[in-house]
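Structure record follows, encoded as structure tokens.
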Amino acid sequence: QVQLVESGGGLVQAGGSLRLSCAASGGTFSSYVVGWFRQAPATERKFVAAISRTGVSTNYAGSVKGRFTISRDNAKNTGYLQMNSLKPEDTAVYYCAVRSGSVVYTGVSSYDSWGQGTQVTVSS
């Protein structure tokens with residue numbers, strides 16, 4: 001069973017940037033699709049971005065397209081989410097997740113393993 005640990009969250013002013021990391025252990029990282037999701041208080045967990053096993057294919061939620069960039073380094077067993085031009089509405093707990101297989105799904109239920117989450121707070 002793969003374990004995931006997110007880091008890089010914090011407090012940032014609107015317009016600022018953060019880079020989240022997702023370190024994986026206990027599995028073959030290159031065999032997983034990696035997804036990022038976020039959950040604001042009293043809301044459902046929502047898809048943010050996902051990347052294929054090789055990094056060739058990516059998918060983004062419309063609300064973050066053009067501002068966020070997902071990437072991965074299979075040699076380091078780590079996934080990343082670069083977040084630029086942050087807005088107060090980006091405030092949430094951000095989770096990384098992985099799924100076996102090759103399809104870059106966007107649904108929460110499609111992912112098998114999850115990290116504990118990292119808080120991102122964007123002040124106005």
Side-chain angles (χ1 to χ4, degrees):
Q1 182 79 359
V2 62
Q3 287 82 46
L4 305 172
V5 178
E6 302 96 334
S7 61
L11 173 64
V12 63
Q13 288 188 330
S17 299
L18 284 174
R19 188 195 196 199
L20 305 184
S21 297
C22 174
S25 62
T28 306
F29 184 69
S30 59
S31 68
Y32 298 112
V33 169
V34 177
W36 285 94
F37 296 78
R38 66 186 182 186
Q39 187 169 19
T43 67
E44 294 183 349
R45 194 168 298 186
K46 296 180 180 178
F47 170 76
V48 175
I51 188 167
S52 64
R53 294 179 297 185
T54 61
V56 170
S57 297
T58 58
N59 196 347
Y60 294 93
S63 59
V64 307
K65 194 172 294 185
R67 300 188 298 122
F68 291 11
T69 303
I70 189 171
S71 62
R72 65 190 296 162
D73 186 338
N74 287 342
K76 295 183 178 180
N77 293 335
T78 303
Y80 304 98
L81 186 68
Q82 177 67 43
M83 306 186 296
N84 299 330
S85 303
L86 282 161
K87 304 175 181 181
E89 51 263 44
D90 293 319
T91 295
V93 177
Y94 283 71
Y95 298 88
C96 72
V98 298
R99 66 175 303 275
S100 301
S102 60
V103 179
V104 182
Y105 285 119
T106 63
V108 170
S109 60
S110 298
Y111 288 77
D112 308 308
S113 299
W114 294 80
Q116 83 290 346
T118 185
Q119 176 70 48
V120 171
T121 304
V122 184
S123 63
S124 57

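For the atom pair CG (Leu11) and CD (Gln119), the distance works out to 9.5 Å, reported to the nearest 0.5 Å. To the nearest 0.5 angstrom, Thr58 atom OG1 is 14.0 Å from Phe68 atom CZ. Interatomic distance, Arg99 CZ to Arg53 CZ, rounded to the nearest 0.5 Å: 9.5 Å. Interatomic distance, Leu18 CG to Thr118 OG1, rounded to the nearest 0.5 Å: 8.5 Å. We find the CD1-CH2 distance between Ile51 and Trp36 to be 11.5 Å, quoted to the nearest 0.5 Å.
In this structure, the side chain of Tyr60 engages the main chain of Ile70 through a donor-acceptor pair within 3.5 Å. Listed for the Gln116 side chain is no donor-acceptor partner under 3.5 Å among the backbone atoms of Val5. Judged purely by atom type and a 3.5 angstrom limit, Arg45 has no side-chain atom pairing as donor or acceptor with the backbone of Tyr95. The backbone N or O of Ala23 lies less than 3.5 Å from no partner atom in the side chain of Thr78, so there is not a single donor-acceptor pair. Distance alone, capped at 3.5 Å, is enough to place a donor-acceptor pair between the Arg72 side chain and the Ser52 backbone.
Inter-residue side-chain proximity for Val33 and Tyr105 is flagged as unmet; no heavy-atom pair is nearer than 4.5 Å. Residues Gln13 and Ser123 form a side-chain contact, since some pair of their non-hydrogen atoms from C-beta on lies under 4.5 Å apart. Between Val108 and Lys46, the closest side-chain pair of non-hydrogen atoms is not below 4.5 Å. In this structure, the side chains of Trp114 and Cys96 stay at 4.5 Å or more apart for every pair of heavy atoms.
The minimum heavy-atom distance linking Tyr32 with Ser100 is given by the pair CE2-OG, 3.5 Å. Pairing each heavy atom of Ala24 with each of Leu4, the nearest pair is CB-CD2, 3.7 Å. Taking each heavy atom of Leu86 and Met83 in turn, the nearest pair found is CD2-CB, 3.8 Å. Closest heavy-atom contact between Ser30 and Asn74: CB-ND2, 3.6 Å. Here the shortest heavy-atom pairing between Gly26 and Gln3 reads CA-OE1, 4.1 Å. The heavy-atom pair separating Ser17 from Ser85 by the smallest distance is OG-N, 4.3 Å.
Residues that satisfy the salt bridge (Lys or Arg N to Asp or Glu O under 4.0 Å) test with Arg67, not counting sequence neighbours, are Asp90. For the ring pair (Phe, Tyr, Trp, His ring centres under 6.0 Å) test, residues two or more places apart in sequence or in another chain that qualify with Phe47 are Phe37.
With Val2 as the fixed residue, the side chain to side chain contact (heavy atoms under 4.5 Å, CB included) test singles out one of Asn77, Asp112, Val98: Val98.
Side-chain contact of Ser113 with Gln1: a donor-acceptor pair under 3.5 Å is present, judged by distance alone. With no hydrogens or angles considered, a side-chain donor-acceptor pair links Tyr94 and Arg38 at under 3.5 Å.
Val64 and Val34 fall within the same hydrophobic cluster, defined by Ile, Leu, Val, Met, Phe, Trp and Tyr side-chain heavy atoms under 4.5 Å apart, directly or through other members.
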